[in-house]
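Note sheet for the following structure.
Fair warning: this is a prediction, and the values are worked out from it, not measured in the lab. Note that these values count all heavy atoms, side chains included, but never hydrogens, waters or copies made by symmetry.
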Amino acid sequence: MKNIAIVEDEDEAAARLTGYIDRYAEQNGQKFRVERFNNAVDFLAEYKSIYSVVFMDIQMPNMDGMSAAAELRRIDKTVSIVFITNLIQYAQKGYEVDAVAYLLKPVKYYDFALKFRKALGIYAMNEEQDITINIASGMCRVSTDKLMYVEIVRHKLLYHFVDDILEVTGVLQKAEDELKRYGFLRCNQCYLVNPKFIKSVNGMTVRVGNDELAISRPRKSAFMTELANWYGGGYSIP
């Protein structure tokens, strides 16, 4: 059973979404547990990384949905966010918080079903690749599918995502033990790289995304062999 959150201050709009979720579940043979929050402040205060999809109204008192989504992304980079709005120009800012879709009020079932199916599918792909990282305020759920590389600097681990950098206290060996099953490779004592983001290897450097990372001489041979095995499909997720 998947958990769904509705963050909506209007009772009628929240009831409509709940009814649509029930209808979708019946039509598709699925089960969902739905929680409704009247405002974004309460939602974030009680938040646990258990949700597959969050339906987030943009225009709410105290904290708007866009600001709430930005806060949510700091602790959960995996959950699918679907914005609910009266005005399309607000929804178009959703890329800033990696929203998967938006719905215009009054929400119609056909549009809802399409966007809900998309949100569930994206979450399912992320769920297969997600890990939990301990941060100062608690825990953060992230998808390794969006993680380019991990860097250690003075006992600080920097997780470089495609759209963010997460800094935590830790050791690279522990991160390597967790990420190796997802294909991550160590190119020297400072970096773990996600091979899917490697653009090129030139001498003693590897280009990951837009960054050039050093390859240590002791690791060069093993790194190139492991990279070749990865390209050849020589790794699997247990």
Side-chain angles (χ1 to χ4, degrees), residues 1-8 17-18 20-37 40 43-44 47-58 65-85 88 90-105 107-133 139-149 159-166 178-179 181-184 194-197 209 236-237:
M1 180 180 293
K2 289 182 169 57
N3 295 298
I4 311 297
I6 298 173
V7 188
E8 170 63 73
L17 286 173
T18 301
Y20 284 171
I21 293 170
D22 291 341
R23 180 176 170 184
Y24 183 94
E26 183 177 352
Q27 290 178 346
N28 293 274
Q30 295 181 263
K31 292 184 178 180
F32 303 104
R33 187 173 71 88
V34 181
E35 286 189 83
R36 185 266 178 112
F37 298 85
F43 170 67
L44 292 172
Y47 189 77
K48 296 179 181 179
S49 297
I50 61 173
Y51 300 105
S52 302
V53 180
V54 173
F55 290 96
M56 179 79 72
D57 186 23
I58 290 183
M66 197 64 67
S67 299
E71 289 294 322
L72 175 58
R73 279 292 178 236
R74 293 193 176 99
I75 54 176
D76 194 334
K77 299 181 182 297
T78 301
V79 64
S80 289
I81 299 174
V82 179
F83 281 126
I84 314 296
T85 182
I88 193 170
Y90 288 119
Q92 290 172 338
K93 294 181 62 180
Y95 72 90
E96 297 176 3
V97 291
D98 198 22
V100 302
Y102 66 86
L103 293 167
L104 289 176
K105 292 181 177 180
V107 178
K108 305 299 183 184
Y109 180 74
Y110 179 76
D111 192 27
F112 166 86
L114 289 177
K115 304 295 177 56
F116 190 35
R117 182 176 292 110
K118 175 184 177 183
L120 290 169
I122 290 175
Y123 175 78
M125 289 188 294
N126 287 336
E127 187 180 32
E128 294 177 358
Q129 302 282 331
D130 72 357
I131 60 173
T132 300
I133 298 173
M139 293 186 296
C140 179
R141 185 172 61 167
V142 304
S143 173
T144 59
D145 194 50
K146 299 178 182 178
L147 177 58
M148 297 191 296
Y149 65 95
Y159 288 78
H160 294 258
F161 295 90
V162 293
D163 55 0
D164 194 13
I165 298 177
L166 182 65
E178 185 170 24
L179 292 171
R181 66 191 296 265
Y182 298 103
F184 280 69
N194 187 342
K196 69 171 287 185
F197 290 103
S236 60
I237 297 177

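Using a 4.5 Å cut-off on side-chain heavy atoms (C-beta onward), Lys48 and Asn3 make no contact. Using a 4.5 Å heavy-atom cutoff, the side chains of Leu120 and Lys2 are in contact. Side-chain contact between Phe197 and Val162 is present, with at least one heavy-atom pair separated by less than 4.5 Å.
Closest of all the heavy-atom pairs between Ile21 and Phe32 is CG2-CD1, 3.9 Å. In terms of heavy-atom proximity, Met56 sits nearest to Ile81 at CB-CG2, 4.4 Å. Taking every heavy atom of both residues into account, Ser80 and Ala119 meet most closely at OG-O, 2.8 Å. Contact detail for Val79 and Val53: the closest heavy-atom pair is CG2-N, 4.0 Å. In terms of heavy-atom proximity, Ser49 sits nearest to Ile75 at OG-O, 3.8 Å.
Scanning for side-chain contact (heavy atoms from CB on, under 4.5 Å) contacts around Ala101 gives Val82, Lys115, with sequence neighbours left out. Residues meeting the side-chain contact (heavy atoms from CB on, under 4.5 Å) test with Ala113, sequence neighbours left out: Tyr24, Tyr109. With sequence neighbours excluded, the residues satisfying salt bridge (charged side-chain N to carboxylate O under 4.0 Å, His left out) with Arg33 are Glu35. For Arg74, the side-chain contact (heavy atoms from CB on, under 4.5 Å) partners are Glu71, not counting sequence neighbours. For Thr18, the side-chain contact (heavy atoms from CB on, under 4.5 Å) criterion is met by Ile6, Asp22, Val34, not counting sequence neighbours. Partners of Asp145 according to the salt bridge (charged side-chain N to carboxylate O under 4.0 Å, His left out) rule, which considers only residues two or more places apart in sequence or in another chain, are Lys196.
Between Tyr47 and Tyr51, the ring planes lie tilted relative to each other; the angle falls in the 30° to 60° range. The aromatic rings of Tyr149 and His160 lie parallel to each other, with less than 30° between the two planes, well short of the 60° mark.
The distance from atom CG of Leu17 to atom CD1 of Ile84, rounded to the nearest 0.5 Å, is 5.0 Å. Rounded to the nearest 0.5 angstrom, Tyr20 OH and Leu103 CG are separated by 9.5 Å. Of the inter-residue distances, the one linking Asp76 atom CG with Leu44 atom CG reads 11.0 Å to the nearest 0.5 angstrom. Between atom CD1 of residue Ile122 and atom OG1 of residue Thr78 there is a gap of 12.0 Å, rounded to the nearest 0.5 Å.
Asn194 places a side-chain N or O within donor-acceptor distance of the main-chain N or O of Leu147, the cut-off being under 3.5 Å.
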Worksheet entry | Worked check of salt bridge (Lys or Arg N to Asp or Glu O under 4.0 Å) between Lys105 and Asp57 | CA-CA 10 Å; Lys105 292 181 177 180; Asp57 186 23; 3.4 Å; yes
Discussion item. I'd like to know whether Ile131 forms a side chain to side chain contact (heavy atoms under 4.5 Å, CB included) with Glu178, so could you lay out the CA-CA distance, the side-chain angles of the two residues, the decisive distance to 0.1 Å, and finally the verdict.
Written reply: CA-CA 8 Å; Ile131 60 173; Glu178 185 170 24; 3.6 Å; yes
Discussion item. Show, in sequence, the C-alpha distance, side-chain angles and deciding distance for Thr85 and Leu104, and conclude whether the side chain to side chain contact (heavy atoms under 4.5 Å, CB included) test is met.
Written reply: CA-CA 5 Å; Thr85 182; Leu104 289 176; 3.8 Å; yes
Practice prompt. Verify side chain to side chain contact (heavy atoms under 4.5 Å, CB included) between Cys140 and Leu166, making sure each step is shown before the conclusion.
Written response: CA-CA 9 Å; Cys140 179; Leu166 182 65; 4.2 Å; yes
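Residue Phe55 forms a ring-ring contact (aromatic ring centres under 6.0 Å, His included) with just one option from Tyr102, Phe83, Phe112, and that option is Phe112.
Relative to the six-membered ring of Phe161, Lys77 meets both conditions, a distance below 6.0 Å and an angle of at most 45° to the axis.
Within a 6.0 Å sphere centred on CD of Gln27, heavy atoms belonging to other residues, nucleotides or ligands number more than 12.
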